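So the structure is just underneath, and the comments pick up after that.
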Amino acid sequence: MWRGAAVRAVRGIGSSRAASGAAAAQLRRWLEGELEGIRGAGTWKSERVIASRQGPHLRLAGGGAGILNFCANNYLGLSSHPQVIRAAVQALEEFGAGLSSVRFICGTQALLTPEDAVLSDELNHASIIDGIRLCKANKYRYKHMDMHDLEAKLQDAQKHRLRLVATDGAFSMDGDIAPLREICQLAQKYDALVFIDECHATGFLGPNGRGTDELLGVMDKVTIINSTLGKALGGAAGGYTTGPKPLIDLLRQRSRPYLFSNSLPPAVVGCASKALDLLMESNAIAQSMAAKTQRFRSKMTAAGFTISGKDHPICPVMLGDARLAAVMAEDMLSRGIYVIGFSYPVVPKGKARIRVQISAVHSDEDIDRCVEAFIEVGRKHGALP
């Protein structure tokens, strides 16, 4: 009897493993089909390993040395600034590698509830979209920077308790700037709050680098600002939210991403703090980047390329075709210029582009060399006559 039960148990395990194996094989076939579809569409995204510090000149693993880097969010060149590095080392030695802990755990919800509404620009960054999906508010999506559509959505959202308009300050794929003056006017008209994500604006947009709200003169009309420490402010990691003190206090009590994430490593805090000190002392770095951005945009436009956005260091070279963007980016790398092609699903179908990002630490010679390479590659692949 015992032996019979054991045999049945072993057979059960065997059949369970067989079923599990069949499911795994089915999953594998599906995954391989999806991956092959991505390759066939020309939208496969290769990852390269950087074997040097972040900066205008890189060394790639596998032998690529002396590569000009035009695809980083290192807008102000602070990720390798000697004072920023020293501040990180000092914080590391004083406070250690990390705190090995999440913050005090309590609460399960954030600001918006099912009684409220959030109105989001259709081209907001994926991180904003994912955050909105996680909240329980009623969701509205308005056409990109279309104030007539936003007003219609605000009118429809009047039935809700709170209304929050959420937008990128600067849109990372197109390099365009949200019309914050008009958004704030509509928010005031319809008793709504304004939230902006400043990840591609903090440190360099506006007279003092405070972002798009400073650039457009609405610092007193924006309620909530989210931004990052991982781009212009040293390029390490982490981010922050600013707003009315009671709102920040509530987020500290109820925001799940805040409560259940480890505290920032001391070195990251040291980097960002020193980066802010440098920017508070002078706006010369930001002004240098603005001049270099204008140089690149004007030369590329004169050559016949279409550059999306306006006056932003994100300079998308619009090509339309995904394969063309991928092939041209590879050809640029063979000429020592590191840029990345973007295509669906990162950007809409038919709007593939190579995104170029200008940094304050690029020299005029670096920019001119990049433009010359684009002209050569563009003519080779038919993007230019």
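Computed from a predicted structure; not experimentally measured.
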Lys153 atom NZ: more than 12 heavy-atom contacts under 6.0 Å = yes
Specify the closest pair of heavy atoms between Tyr190 and Arg163, including all atoms of both residues, with the distance to one decimal.
-> O-NE, 3.2 Å
Say whether Glu115 and Asn138, considering side chains only, have a donor N or O and an acceptor N or O under 3.5 Å apart.
-> no
Counterpart residues, salt bridge (Lys or Arg N to Asp or Glu O under 4.0 Å), relative to Glu151 (two or more places apart) | Lys189
State, yes or no, whether a side-chain contact exists between Leu78 and Ile285 at a heavy-atom distance under 4.5 Å.
-> yes
Distance-only side-chain donor-acceptor flag, Asp121 / Thr167, under 3.5 Å = no
Are the side chains of Asp311 and Ile177 in touch, meaning some heavy atoms are under 4.5 Å apart?
-> no
In sequence, state the C-alpha distance, the side-chain angles, and the governing distance for Glu32 and Arg29, and then conclude on salt bridge (charged side-chain N to carboxylate O under 4.0 Å, His left out).
-> CA-CA 5 Å; Glu32 289 174 346; Arg29 287 193 298 272; over 6 Å; no
Before accepting this row, confirm whether a basic side-chain N of the pair Arg39/Glu36 lies closer than 4.0 Å to the acidic partner's carboxylate O.
-> yes
Report the relative orientation of the aromatic rings in His125 and His200; use parallel for angles under 30°, tilted for 30 to 60°, perpendicular for over 60°.
-> tilted
Is the shortest side-chain N to carboxylate O distance from Arg353 to Asp174 below 4.0 Å?
-> yes
Flag the pair Phe171 / His312 as yes when their ring centroid distance falls below 6.0 Å, and as no otherwise.
-> no
When you check the side-chain N and O atoms of Asn226 and Glu198, is any donor under 3.5 Å from an acceptor?
-> no
When you look at CZ of Arg141, are more than 12 heavy atoms from neighbouring residues, nucleotides or ligands closer to it than 6.0 Å?
-> no
For Arg210, does the CZ atom have more than 12 heavy-atom neighbours from other residues, nucleotides or ligands under 6.0 Å away?
-> no
May I ask you to check whether over 12 heavy atoms, not counting those of Gln188, lie within 6.0 Å of atom CD?
-> no
Lys310/Asp176 salt bridge by N-O under 4.0 Å criterion = no
Apply the test side-chain contact (heavy atoms from CB on, under 4.5 Å) to residues Leu119 and Leu164: give CA-CA distance (whole Å), side-chain angles for both, the deciding distance (0.1 Å), then the verdict.
-> CA-CA 6 Å; Leu119 303 94; Leu164 179 71; 5.9 Å; no
Salt-bridge criterion met for Asp368 and Arg295 (N-O under 4.0 Å) = yes
Of all heavy-atom pairs linking Ile132 and Ala166, the shortest is CD1-CB, 4.4 Å
Centres of the His362 and Tyr75 rings: under 6.0 Å?
-> no
Around Glu34, counting heavy atoms of other residues, nucleotides and ligands shown, do more than 12 lie under 6.0 Å from its CD?
-> yes
Could you verify whether a donor N or O on one side chain and an acceptor N or O on the other, from Glu122 and Tyr142, lie under 3.5 Å apart?
-> no
Knowing that exactly one of Leu68, Ile67, Val339 qualifies, which makes a side-chain contact (heavy atoms from CB on, under 4.5 Å) with Leu333?
-> Ile67
Ser79 side chain to Asn74 side chain, donor-acceptor N/O pair below 3.5 angstrom | yes
Taking every heavy atom of Ala91 against every heavy atom of Pro266, the minimum-distance pair comes out as CB-O, 3.3 Å
Pairs meeting criterion side chain to side chain donor-acceptor pair (under 3.5 Å) with involvement of residues 334-345, two or more places apart | Asp331-Ser334, Asp331-Arg335, Arg335-Glu376
Does Ile337 share a hydrophobic cluster with Ile358, counting links as ILVMFWY side-chain heavy atoms below 4.5 Å and allowing steps through other members?
-> yes
Asp130 with Arg133: basic N within carboxylate O range, under 4.0 Å = yes
